[in-house]
Amino acid sequence: MLGHEVYRGSSYGPWHPLRVPRVSTVMDLSRALGWLPRDRFLRSPRAKPEALHLWHTPAYVDALARAEAAGTVDDPTRARHGLGTTSNPVFAEVWRRPATSAGASLLAGNLLRDGGIVHHPGGGTHHAFPDRAAGFCYLNDPVLTILSLRRNGARRIAYVDIDAHHGDGVEHAFAADPDTLLISVHEERRWPFTGHLADRGIGQTFNLPLPRGSHDGDAAHLRDRLIAPLLERMAPDAIVLQCGADAVEEDPLSRLAWSNRAHEGIVRRLMGLAPRLVVLGGGGYNPWSVGRCWTLVWAALSGADVPDRLPPEAEDVLRGLEWRGARAGRTPPEHWFTSLRDAGRGDRPSPEVEARVEALMTRDDVLIPA
Ligand SMILES: [Zn+2]
């Protein structure tokens with residue numbers, strides 16, 4: 001696992017959805033469970049500005065670094081680069097935090113030169129564009145992960161995005177690249193309002209919008225009938241999974257109804273489908289849901305057995321969380337403290353999801369490079 005203390009206590013602001021602790025919870029829970037010994041953890045390096053020019057414009061990287069130093073941005077910078085807005089505020093670590101996440105993504109490719117698995121829960125900021133911030137994302141570390149893997153010998157790369165929001169920045173980067181398979185599963189009619197079922201790119205782009213209320217039965221269906229078959233057909237050199245936790249039912253920013261078993265099941269299915277696997281974080285705005293989900297993901301990746309009832313040290317981590325300003329934060333249910341794995345929610349896929357998966361899998365233009 002790649003992590004860092006910069007995420008602890010860092011907040012986008014008292015009213016922003018990203019005011020909640022996430023990566024620090026995953027690190028604390030994993031340590032409390034004995035799943036994160038020293039030899040399984042690496043401190044993320046902070047990317048140097050020049051390293052980010054691999055995809056981001058020098059003017060934008062410079063503006064982002066200056067925003068942290070100055071604590072503010074001027075109007076032209078706000079207009080040009082999307083910094084200092086409600087979604088993408090100038091907060092205390094506005095340069096260090098994304099640069100650390102990007103540094104881990106750049107390192108992931110080097111670490112996986114000869115194969116293996118990296119979990120980078122601070123990554124997954126899939127909405128950033130080369131010259132601007134968007135959707136709480138300042139630097140696009142999924143794009144940097146893919147480019148780093150490619151520099152380290154992986155040519156054909158599959159990007160799978162199960163965040164509740166469409167991975168628009170990553171699609172922008174690789175929409176015309178025949179060596180990158182793009183699969184994004186997201187809630188329909190939700191920001192950024194891109195990622196339609198009919199969007200094909202050059203034949204390697206697969207967008208599956210999900211109806212409101214989509215549950216574990218739908219997630220299992222798209223895992224077994226869309227993601228796994230496409231990946232088996234492609235046989236990629238590497239898989240990058242953006243594992244946003246905002247499709248979980250208790251998340252405040254989506255109306256999907258997955259349990260964290262859906263995420264776990266997809267992660268377990270992807271393991272072994274390519275010699276290299278990078279699992280990133282992403283959205284997730286309920287501190288209990290996101291901490292439990294990504295710790296469960298780490299258990300899958302690291303081969304740990306998940307107990308039905310958490311030991312007291314782990315329970316203490318969850319009882320110590322706060323979710324200020326959210327009604328659900330005042331009365332968290334007991335199982336948010338005492339367990340990692342949710343109860344399942346739904347087992348049969350809905351007819352709409354079945355039909356959409358079928359539409360994607362019977363496309364006549366599917367171009368999966370060999
Ligand atoms: Zn999201």
Side-chain angles (χ1 to χ4, degrees), residues 7 11-13 15-23 25-26 82 85-89 97-98 101 105 120-129 132-143 145 159-173 182-196 199 206-215 218-219 222 227 240-260 262-263 266-267 278-294 296-297 323 326 328:
Y7 302 106
S11 167
Y12 281 37
W15 296 281
H16 196 286
L18 280 179
R19 65 188 179 278
V20 301
R22 303 170 353 126
V23 178
T25 307
V26 176
T85 64
T86 309
S87 291
N88 290 90
R97 177 168 160 169
S101 174
S105 287
H120 170 21
T125 50
H126 57 171
H127 298 306
F129 280 78
R132 62 185 295 118
F136 316 163
C137 304
Y138 296 85
L139 298 170
N140 199 311
D141 72 270
V143 169
T145 302
Y159 174 74
V160 180
D161 187 321
I162 59 170
D163 192 279
H165 303 89
H166 175 232
D168 56 344
V170 185
E171 187 174 302
H172 172 82
L182 299 167
I183 305 173
S184 180
V185 176
H186 43 268
E187 186 179 350
E188 66 184 359
R189 291 193 284 278
R190 180 164 295 287
W191 190 92
F193 306 110
T194 48
H196 303 290
D199 297 347
F206 293 81
N207 283 308
L208 176 61
L210 295 175
R212 185 183 274 203
S214 169
H215 53 56
D218 298 313
L222 65 91
I227 296 174
V240 177
L241 174 66
Q242 199 274 18
C243 193
D246 46 5
V248 168
E249 184 166 35
E250 297 87 355
D251 191 275
L253 263 60
S254 92
R255 300 291 289 274
L256 299 177
W258 293 13
S259 81
N260 61 26
H263 297 75
I266 289 169
V267 167
V278 181
V279 177
L280 305 170
Y285 306 96
N286 171 328
W288 288 281
S289 295
V290 66
R292 291 168 67 247
C293 181
W294 291 347
L296 185 63
V297 165
W323 193 14

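Ligands are counted one by one from 1 in listed order, and the atoms in each one are counted from 1 as well. We're numbering straight along the sequence, starting at 1.
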Residues forming a side-chain contact (heavy atoms from CB on, under 4.5 Å) with Asp251, sequence neighbours excluded:
Asp246, Leu253, Tyr285
State whether a side-chain donor-acceptor pair under 3.5 Å links Asp168 with His166.
no
Distance below 2.8 Å from the Zn ion (ligand 1): protein N/O/S atoms:
Asp163 OD1, His165 ND1, Asp246 OD2
Check the pair Tyr159 / Gln242 against side-chain contact (heavy atoms from CB on, under 4.5 Å), numbers first and verdict last.
CA-CA 8 Å; Tyr159 174 74; Gln242 199 274 18; 3.4 Å; yes
With Arg132 via side-chain hydrogen bond (donor to acceptor under 3.5 Å, both in side chains) - residues at least two apart:
none
Please check if the side chain of Asn286 supplies one atom and the backbone of Glu250 the other of a donor-acceptor pair under 3.5 Å.
yes
Checking Ser259 now: which residues fulfil side-chain contact (heavy atoms from CB on, under 4.5 Å) with it, not counting sequence neighbours?
Asp216, Arg261, Asp342, Arg345
